[in-house]
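What follows is a single structure, written as structure tokens, with notes after it.
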Amino acid sequence: MDVKVRYEIEFPVNSSPQLLYQYISTPSGLSEWFADNVNSRGEFFTFIWNDSQEKARLSSKKSGEKVKFRWVDDNDKDTDFYFELRILEDEITKDVSLMVIDYADEEEVDEAKLLWENQISDLKHVIGSV
């Protein structure tokens with residue numbers, strides 16, 4: 001069985017934390033850069049890419065700071081895996097960055113990081129932070 005490992009990757013983003021939060025916490029914001037379409041019913045979000053879809057539960061959020069989505073199985077039961085998007089703001093310089101915390105199979109971490117780089121690039125383009 002493959003072992004999933006946790007990894008973190010940080011991206012500088014030219015944006016206010018409030019604007020960035022809208023793009024990481026709402027179905028409409030997420031569908032502009034993260035997935036082809038995002039639907040939500042209560043705390044459950046369905047992420048749709050081409051012919052596949054994954055379901056996650058919004059397990060925690062802090063306005064303007066972070067969101068955490070825990071992947072669920074076909075019975076809506078939590079799995080061990082999640083991804084978290086955390087907005088960091090330097091107190092002195094006011095520089096903003098987005099920290100991504102995710103899991104991937106050990107041999108696929110580099111590929112997963114590359115995927116996040118592409119998606120964050122799309123996010124930056126959408127919010128005008130190129």
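Between W116 and Y7, the ring center distance fails the sub-6.0 Å criterion. Aromatic pair Y82/Y103: ring centres closer than 6.0 Å. Aromatic ring centres of F69 and F81: separated by at least 6.0 Å. Aromatic rings of F47 and W71 (six-membered ring for Trp) have centroids within the 6.0 Å cut-off, being under it.
In plain terms, the two heavy atoms of F44 and K55 that are nearest each other are CB-CE, 3.8 Å. Pairing each heavy atom of T93 with each of D90, the nearest pair is N-OD1, 2.8 Å. Scanning both residues, W33 and Q119, for their nearest heavy atoms gives CE3-O, 3.4 Å. Across every non-hydrogen atom of L20 and S15, the tightest pair is N-OG, 3.6 Å. Summarising the geometry of P17 relative to G64, their closest heavy-atom pair is CB-O, 3.9 Å, with the distance given to 0.1 Å. Between I24 and V67, the shortest heavy-atom distance links the atoms O-CG2, 3.3 Å.
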* salt bridge (Lys or Arg N to Asp or Glu O under 4.0 Å) between E8 and R6, intermediate numbers included -> CA-CA 7 Å; E8 297 181 2; R6 181 182 189 268; 2.9 Å; yes
* Report the C-alpha separation of K68 and K61 in whole Å, then their side-chain angles, then the decisive distance to 0.1 Å, and conclude whether the side chain to side chain contact (heavy atoms under 4.5 Å, CB included) test is met. => CA-CA 6 Å; K68 181 176 180 179; K61 68 178 179 177; over 6 Å; no
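In this structure, the side chain of S121 does not engage the main chain of E117 through any donor-acceptor pair within 3.5 Å. Side chain of D105 to main chain of E107: no donor-acceptor pair is present (N/O by atom type, distance under 3.5 Å, no hydrogens or angles). At distances below 3.5 Å, not a single donor-acceptor pair connects side-chain atoms of T79 with backbone N or O atoms of D73.
Under the 4.5 Å side-chain heavy-atom criterion for ILVMFWY residues, no single connected hydrophobic cluster contains both M99 and L115.
Taking the centre and axis of the six-membered ring of F11, the NZ or CZ atom of K124 falls outside the cone set by 45° and 6.0 Å.
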